[in-house]
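Reviewing the structure listed below.
Proteins get letters first, then strands, A, B, ... in listed order; numbering begins at 1 in each. It should be emphasised that the depicted structure is a prediction, and the values quoted were computed from it without experimental measurement.
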Amino acid sequence: MILGVDEKNTYVLNLDKLDSELVKAKISQIKKVVGYDVKSTLKIFIELGADLPEVLHDVMTGAFLLNPLRRIQSLDELSSADLGYSGSSLDEIDDEGLIARAAEVTGAVRELYERQEKELSKLEKLNKVAQKIEWPLVSVLAKMEYIGIKLDKSHLERINDQIEDKVSDLEQEIYGYADAEVNIGSPQQLAEVLYVKLGLPTQGIKKGKTGYSTAASELAKLNGLHPIIDLISQWREVTKLKNTYVDTLPEMTDENSRVHTTYNLTVAQTGRLSSADPNLQNIPVRTELGREIRTAFVAGQGKKFVSADYSQQELRLAAYLSEDKELIDMFNRDVDVHVATASQIYSREPQDITKNMRRDAKVVNFGVMYGLGPHGLAQATGMTHEQAKHFIEKYFEVRPKLKEYIEKIREKAKRDGYIETLLGRRRPTPDVHSSNFMVREGAMRAAVNMPFQGSAADIMKLAMVKVAEKLERKDCDILLQIHDSLIVECSEDVAEDIAQIMKITMENVIKLPIKLTVDTTIGKNWGEL
DNA sequence: GTGTAATGCGCG
DNA sequence: AAAGCGCGCATTACAC
């Protein structure tokens, strides 16, 4: 445990062991903190029951803000790359070594801090992102991670029993058709069975480095040609959920049956959070069995979950950023934008728009933000390539401002070498100059996506800071962030109240000419949300 | 045994 | 000819 103190700030290192009373006393006096991976340190402070200090700066996150392309963000890497340090490892030394070299380590942090502050002060908006969003968010995330979310293990056990029966049934049937006990989990062996042994057509099937693909999208093309296809798809769905969630989550709980994720601030190039160990941002929801897994996440005794979701946040931001008055107006009048879009593309009255027409319009509405082309649209909707091409053309006729905006982003990426979000977070775009078509176009699509996904991420992060402030002393904890959604746990009697606070806070976190609608739900488990 | 690439798929 | 963004993780296959 090392503290480096000067007249202005206290520099704290990443630690995992604490035993000295002296140290605990010292911690309680810390009011402001600078460090490397401060979030990890704050979790130890919480464990000790200390009040959290204000986060002034984090050199790991700072390095990422200034250059998100740099992969290695260890204190070692930063010290040698940015400060020219060449000594032995700073971040993998044991307790004794740490004490011996405390000055060295705090010195590196201090110097990185000073350099990064200088760099940030030259970039006004990025600096504001750091000061107003990232630094306050560090404490919010530390608390979320520390509190965790409760898992009903017996519920998962019951699900597991059902799954195991189903898996063995499916396997027996599949072995029957394959006339061998193939490893269904091996794409190689499976391809051999499907495309050689059973002689299924390989026309139109994607080919990878090792042979013909057996991915779900390719199997879909074979559906109806052989009963084994559907069985394999079912086997995949069930074993995926079993291996990834049902088997592993119960092993990651603490003594109170709670699981604690880690939110990473320095991974996603757009500024989103990522969640790992376990990843709680990809808990299933799209299938019946998947939703069953969600119900295993439960609120504690006398508590409820409240969820608050931004409704179509990225599409609203697209409307605002491209200054498409029509689209902005649609959102502000609460009309169904997918129906409205279909109505414009097909030149039909909204009441004459079928489910399928709406579905196709929805795919394009979201797809354009990712650079979806005719190929992808055809894939997603079942249109022919020609129809898809025409559909996209019609779309941009109806949304000329969006087309213009996308073109502007592509040009900016080439000209300036970076794209920024609404609040000024930057993503470098070096690959838009690549001589490789695939690499170049991929970089262009990522660039186009940045303002939408990244601005949404900024707004949600800011909202988390504000919501955390409002919920202080309210017997209510933020547990999860799933990109456009927050889940809190609070006592039953205040749930309605909390829902309202979250809605108002999140909708008004930033003043824009477009309404950012937030929907809330209350439930005893995640499946009810 | 450990590391890595490839494949596949869960979520927003 | 290619041609959907952002993640994390399980498994297989294979090199070391």
Side-chain angles (χ1 to χ4, degrees), chain A residues 68 182-191 206-219 232-233 235-249 252 261-287 289-291 293-294 309-315 318 363-381 385 388-389 392 406 409 419 427 436-454 456-457 460 480-486 526:
Chain A
V182 287
N183 183 348
I184 310 164
S186 162
Q188 251 175 65
Q189 292 184 40
L190 199 59
K206 239 193 299 185
K207 225 175 162 173
K209 300 199 168 156
T210 46
Y212 287 106
S213 165
T214 67
S217 60
E218 307 309 301
L219 292 189
I232 291 167
S233 303
W235 183 90
R236 285 244 178 97
E237 180 199 335
V238 174
T239 54
K240 168 89 181 180
L241 298 185
K242 174 171 161 61
N243 292 332
T244 311
Y245 307 101
V246 179
D247 286 347
T248 58
L249 284 172
M252 307 182 84
T261 186
T262 301
Y263 288 104
N264 210 323
L265 280 160
T266 60
V267 171
Q269 294 291 305
T270 53
R272 272 187 174 185
L273 298 177
S274 82
S275 158
D277 302 304
N279 180 357
L280 295 184
Q281 289 180 323
N282 75 341
I283 300 301
V285 68
R286 290 173 190 172
T287 63
L289 177 59
R291 285 188 289 276
I293 292 170
R294 277 201 174 201
D309 302 32
Y310 280 110
S311 163
Q312 312 196 70
Q313 195 186 17
E314 290 185 22
L315 200 48
V363 170
V364 179
N365 268 330
F366 284 110
V368 286
M369 294 189 294
Y370 307 146
L372 181 73
H375 180 87
L377 181 60
Q379 201 83 61
T381 61
H385 194 275
K389 187 161 174 281
I392 290 173
I406 288 171
I409 293 295
I419 295 297
R427 174 175 186 164
N436 180 313
F437 177 91
M438 284 245 278
V439 172
R440 190 172 65 244
E441 286 304 313
M444 280 294 186
R445 291 192 296 271
V448 166
N449 182 247
M450 173 67 178
F452 309 130
Q453 187 179 123
M460 175 52 108
L480 301 179
Q481 187 251 46
I482 306 110
H483 308 304
D484 61 355
S485 169
L486 284 183
W526 195 352

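At B:dG8, one or more side-chain N or O atoms of A:S213 fall inside 4.0 Å of OP1 or OP2 (strictly under the cut-off). Look at A:T270 and you won't find any side-chain N or O under 4.0 angstrom from OP1 or OP2 of C:dC5. Put simply, A:N282 has no side-chain N or O that comes within less than 4.0 Å of OP1 or OP2 on C:dC7. For the pair A:S186 and C:dA13, the criterion of a side-chain N or O lying under 4.0 Å from OP1 or OP2 is met. Under 4.0 angstrom from either OP1 or OP2 of C:dA3 there lies no side-chain N or O belonging to A:R445.
If you take OH of A:Y263 and C1' of C:dG8, they are 13 Å apart, rounded to a whole angstrom. The CG atom of A:L377 sits 16 Å away from the P atom of C:dA2 (whole-angstrom rounding). Whole-Å rounding puts the A:W526 CH2 to B:dG10 C1' distance at 12 Å. In this entry the distance linking CZ of A:R291 with P of B:dG10 reads 13 Å, nearest Å. Atom P of nucleotide C:dC5 and atom CZ of A:R272 are separated by 13 Å, given to the nearest angstrom. Rounded to an integer number of Å, the gap from NE2 of A:H483 to P of C:dC7 is 10 Å. Atom CG of A:L265 is separated from atom P of C:dG8 by 12 Å (rounded to the nearest Å). Protein atom NZ of A:K389 is 18 Å distant from nucleotide atom P of C:dA3, rounded to whole Å.
Within 3.5 Å, a donor on the side chain of A:Q453 pairs with an acceptor on the base of C:dC5, or the reverse. One cannot find a donor-acceptor pair under 3.5 Å joining the base of B:dG8 and the side-chain atoms of A:R236.
Contacts of A:I482 with the nucleic acid, taken as non-hydrogen atoms under 4.0 Å apart, involve only primed sugar atoms and P, OP1 or OP2.
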*asked:* What does the 5'-to-3' dot-bracket notation of DNA chain C look like when only Watson-Crick and G-U wobble pairs under 3.5 Å count, and pairs to other strands show as |?
replied: ....||||||||||||

